[in-house]
Number of protein chains: 2
Amino acid sequence: MARGRKSVTIRDVAEDAGVSLQTVSRVVNGGPNVRAQLRDKVRASIDRLGYVPSLAAQRMSGSRSYIILAINDRERTLADWRERRGTDWVDQMLLGGILTCSKHGYRMMVELIDTHSDHVERELGAAISALQPDGVVLTPPHSENRLITALLAERDIPFARIGSMEPGPGIALTMGDDGAAHLAASRLIELGHRRIAMIAGPAQYSLSGWRIEGWKRALGEHGLPWEGLLEAGDFGYESGTRATRALLDRNPDLTAIIASSDQMALAALEVARDRGMSVPRDLSLVSFDNTPIVRFTQPPLTAIDQPISETVSRAVEQLILHGRDEGGDAVIEVAATLIERSSTAPAPPSISDAA
Amino acid sequence: MARGRKSVTIRDVAEDAGVSLQTVSRVVNGGPNVRAQLRDKVRASIDRLGYVPSLAAQRMSGSRSYIILAINDRERTLADWRERRGTDWVDQMLLGGILTCSKHGYRMMVELIDTHSDHVERELGAAISALQPDGVVLTPPHSENRLITALLAERDIPFARIGSMEPGPGIALTMGDDGAAHLAASRLIELGHRRIAMIAGPAQYSLSGWRIEGWKRALGEHGLPWEGLLEAGDFGYESGTRATRALLDRNPDLTAIIASSDQMALAALEVARDRGMSVPRDLSLVSFDNTPIVRFTQPPLTAIDQPISETVSRAVEQLILHGRDEGGDAVIEVAATLIERSSTAPAPPSISDAA
DNA sequence: ACAAGTCTTGAGAACGCTCACAATATGCGC
DNA sequence: GCGCATATTGTGAGCGTTCTCAAGACTTGT
């Protein structure tokens, strides 16, 4: 006889236990109407033979594929990856997703999709046709892409939009970007800062807007102006350098910066150092993301921790458990927190204070 | 009529193009014997209808599943992830793998498996039965786990072992750990260092041994002793702290350390700083991995860059292209390089030199 | 003890595709 | 123009599972 390469099928189990295929299938799927005695017998056969149902066959006949597809932005991911900037976002997503999926007998697959519009439909369409996933997790900036959400809705595939505060279509999950920015700014105000700048993310990410909102709101609550204190970057290091320089040039009295990504904060730290400013003595710095990097800089950075894993985990759970329910278009919020490290300190006595 | 939720099948294409299913199948799979005229007609139908074959169905009937499974160590990955240490290894692997897979029409799936022996067979067996992958990529420490390689061989699934210098079974791919350690040590010797310590990785990783070999060899070539200069860690930060302290306590004349992971190097940097030693003036530091973190420490660390993405990419390519060939048990080497940053400098004039 | 219901089990079709093979068309040498 | 080899197309079965539906076994109320 040949190698034992043929795998154990449901038929083998059925024969071994002396029951029909259907009964085995019911036992495997926790079907309701099987006598305890038979169920145990089948279970024993399954264990002995080491039977595990074939995902492909399950997909073929059943209505579920047991696959959740996670969509990431190809351009940004690849750029980060090529330049060895770290792709912590993908990591967090992958692990949070995998763990929650496997808890429910699902698998997660990661797909990189171009933001560029003519690719979106083709690439996403192809992935969906090939995989026929039971749910899709969208990450920014795809989360609010009409083309994508329309495509998914048309194909009747449940989906979750990470990082979106807009209700429907699909499940929206936000990490409270406005609240987080508000928190960061408020804390800085509490520390005595009056001139607090923001390096925002790119406009096509709606969370960039929300962060700006939160920051403005905090300043407004204390009667502080924000004009001239806003610069936009693209989350990358270089853009952070440019933005920080512009901010510092324009505002000699600047004492604090909130950066919308760790990379941009790293850049700000470097620019400050180049200009002979000490962080946090002369300049306080708060970043967004809290990737592993910021714990090891000098000084370690105070950062808004974005609970990506948990958010994706919640998204996956919703998709698996309530995927097909008409979900009422709820917005789920997983709160971000401020991790204070050593890049923030009380504001230096200002020139006007001294006067 | 209901929503357009039913997907386009090969049958739809066949009808649209007025040919048989088989002909469409041949066109899709690049079959050799189809007249150009018909092929174009079928292609047109495929494009118009947006047909993409179902992975599940392909797996069911054909001999291939178009899935490559990447196995990672669950314990270490989860520990790194939970403590937000960064899981750069997974990242690099995932992206290198995904890209190469998609180039060949394959997909990559990531699976976390416990090292603990009774889990290994069950978990890996289950993953294989469910997914029936066309190839498996093993990462350390699974790369040399007999239980795993035996299981894969028995089921006749091609596999690649990343980070292994041992030929067969399966394809072995190494990043030249002995050579890399030799390179690091040699460079330090060139800089005038005589007392060069090594913080090794855990023994169950065979690459730990190879790195020790390379380091010893370099020292030996210059008549330098290594006794008392070796400590083992577990790749994690805390173990790096312990190891560095032990090394420094035992060897007051130590001027350089090679750490087998970035985390341990980070710890060494911290310990040195605590003891009032300046890096690189008093102590030179070389780390392994070159994760994004080490570019932003103060000083940025000189590191051995492990080309994980490229190695996994090569592994995937081998599996897809030559998976079933009796590969002759070759060992493929993808060379690591030394990235010099600011944590290495000429050795300080030693006490004996001064005497 | 009998009809009417419920619980349990099984049989057969179907999912979308590729395989092996059969049938037909085309080309070539003479 | 005939016969053979070769290129092209079509047919039917089967992959491993779940679905639908029907049949048999057991309850229950009267």
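What you see is a predicted model, and the numbers here were worked out from it, not measured in a lab. Labels below follow one simple rule: chain letters A, B, ... track the order of the sequence lines, proteins then strands, and each chain is numbered from 1. Any value given below was found using the heavy atoms of this structure, including those in side chains, with hydrogens, waters and symmetry copies removed.
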Write down the distance between [atom1] ([X]) and [atom2] ([N]), rounded to a whole number of angstrom.
X        : N      : atom1 : atom2 : answer
A:Arg39  : C:dT9  : CZ    : C1'   : 15 Å
B:Asp12  : C:dC15 : CG    : C1'   : 13 Å
A:Arg35  : D:dC26 : CZ    : P     : 8 Å
B:Met60  : C:dC15 : CE    : P     : 13 Å
B:Asn33  : C:dA23 : CG    : P     : 19 Å
A:Leu21  : D:dG14 : CG    : C1'   : 14 Å
A:Gln22  : D:dG24 : CD    : P     : 18 Å
B:Leu131 : D:dG16 : CG    : P     : 16 Å

Notebook entry, point to check: Got a second to check how far A:Ser309's OG is from A:Ile98's CD1, nearest 0.5 Å?
Noted result: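 So the OG of A:Ser309 and the CD1 of A:Ile98 are separated by 11.0 Å.
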
Margin query: Salt bridge check, A:Arg43 against A:Asp47: does any charged N sit closer than 4.0 Å to a carboxylate O?
Written below: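 A salt bridge is absent here (no side-chain N lies under 4.0 Å from a carboxylate O).
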
Check: Cut-off 3.5 Å, side chains only: do A:Thr87 and A:Asp80 have a donor facing an acceptor?
Finding: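 Distance-only check fails for A:Thr87 and A:Asp80.
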
Margin query: Checking B:Ser129 against B:Arg155: is there a side-chain donor and acceptor pair closer than 3.5 Å?
Written below: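 Side chains of B:Arg155 and B:Ser129: pair found under 3.5 Å.
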
If you only use heavy atoms from C-beta on, which nucleotide in [options] is closest to the side chain of [X]?
X       : options                : value
A:Arg26 : C:dG10, C:dT18, D:dG16 : C:dG10
B:Ser63 : C:dC19, C:dC17, D:dT9  : C:dC19
A:Ile10 : D:dT18, C:dG16, D:dT8  : D:dT18

Can you find a side chain N or O atom of [X] that sits less than 4.0 Å from OP1 or OP2 on [N]?
X       : N      : answer
B:Ser25 : C:dT18 : yes
A:Arg11 : D:dG16 : no
A:Thr23 : C:dT8  : no

Next item on the list: With side-chain contact (heavy atoms from CB on, under 4.5 Å) as the test, would you mind laying out the steps for B:Leu99 and A:Trp81 before giving the verdict?
Entry: CA-CA 12 Å; B:Leu99 256 41; A:Trp81 170 68; 3.4 Å; yes

[X] near the nucleic acid: base, sugar-phosphate alone, or nothing, with a heavy-atom cut-off under 4.0 Å?
X       : result
A:Val34 : sugar-phosphate
B:Gln58 : sugar-phosphate
A:Tyr66 : nothing
A:Arg59 : nothing

Margin query: Let me spell it out: for each of A:Ser20 and B:Asn29, pick the nucleotide of DNA chain C with the closest heavy atom. Which residue's pick is nearer the 5' end?
Written below: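 Of the two residues, A:Ser20 wins.
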
Notebook entry, point to check: Would you say the side chain of B:Ser61 and the base of C:dC17 hold a donor-acceptor pair, judged only by whether the two atoms sit under 3.5 Å apart?
Noted result: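 Side chain to base: pair present.
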
